[in-house]
Amino acid sequence: MNEQQINEGSEKLIKKLRRELAFTRIMCLVTSLLILALLAGGGYVLRQVNGIMGQVQPVLDQAAAVDVENVNDTLRQVKRSLEDVDLAQVAEMMEQAVETLEEVDIEALNEAISGLDTQELSRTMANLNDAVESLKRVESSLNRIFGKRSV
């Protein structure tokens with residue numbers, strides 16, 4: 001082999017290596033851009049997650065504060081209470097209540113209420129309250145005189 005052939009072979013090899021180097025640089029650039037895009041997306045997602053956690057944290061705190069054993073005990077007591085309920089008796093009581101309500105004369109009740117003088121009734125109640133207060137004061141005074149404690 002002569003020197004010219006070696007130079008031509010070297011030049012071909014250098015051209016090939018330059019093409020591969022250019023391809024590698026392009027791939028590095030594309031990979032770098034993808035990594036930057038992923039980092040930016042990760043930052044956005046992290047910011048969104050922090051915002052959501054800020055909103056969810058009070059709910060989590062309240063859920064953590066719930067006394068589950070106390071709730072379970074209460075539910076067990078309610079279950080036991082419901083097991084002891086006689087539905088036939090409840091239904092019978094409801095029927096009696098309906099019958100009683102059906103017997104009420106609504107018109108007579110309305111007439112009785114409509115005839116009331118509410119101002120006079122209010123004055124009478126105020127006078128009655130004043131009288132009760134006076135009696136309580138007299139009782140308290142008598143108890144103090146005779147050494148008794150009021151209950």
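For clarity, every value in this text was computed on a predicted model and none was experimentally measured.
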So how far is it from [X] [atom1] to [Y] [atom2], rounded to the nearest 0.5 Å?
| X | Y | atom1 | atom2 | result |
| --- | --- | --- | --- | --- |
| N70 | L75 | CG | CG | 9.5 Å |
| M125 | D130 | CE | CG | 11.5 Å |
| T24 | L29 | OG1 | CG | 12.5 Å |
| L39 | L34 | CG | CG | 11.0 Å |
| T31 | I26 | OG1 | CD1 | 11.5 Å |
| Q62 | Q57 | CD | CD | 11.0 Å |

Any side-chain heavy-atom pair of V45 and V49 under 4.5 Å: yes
Does R76 reach the side chain of K79, with side-chain heavy atoms less than 4.5 Å apart? no
Same cluster (ILVMFWY, side-chain, under 4.5 Å), I52 and L60: yes
Is the number of heavy atoms from other residues, nucleotides or ligands under 6.0 Å of Q119 CD greater than 12? no
Is the number of heavy atoms from other residues, nucleotides or ligands under 6.0 Å of Q4 CD greater than 12? no
Residues K136 and E139 bridged, charged N to O under 4.0 Å: no
Validation: residues 9-16 side-chain donor-acceptor distances under 3.5 Å, sequence neighbours left out:
unit_1, atom_1, unit_2, atom_2, d
S10, OG, I6, O, 2.9

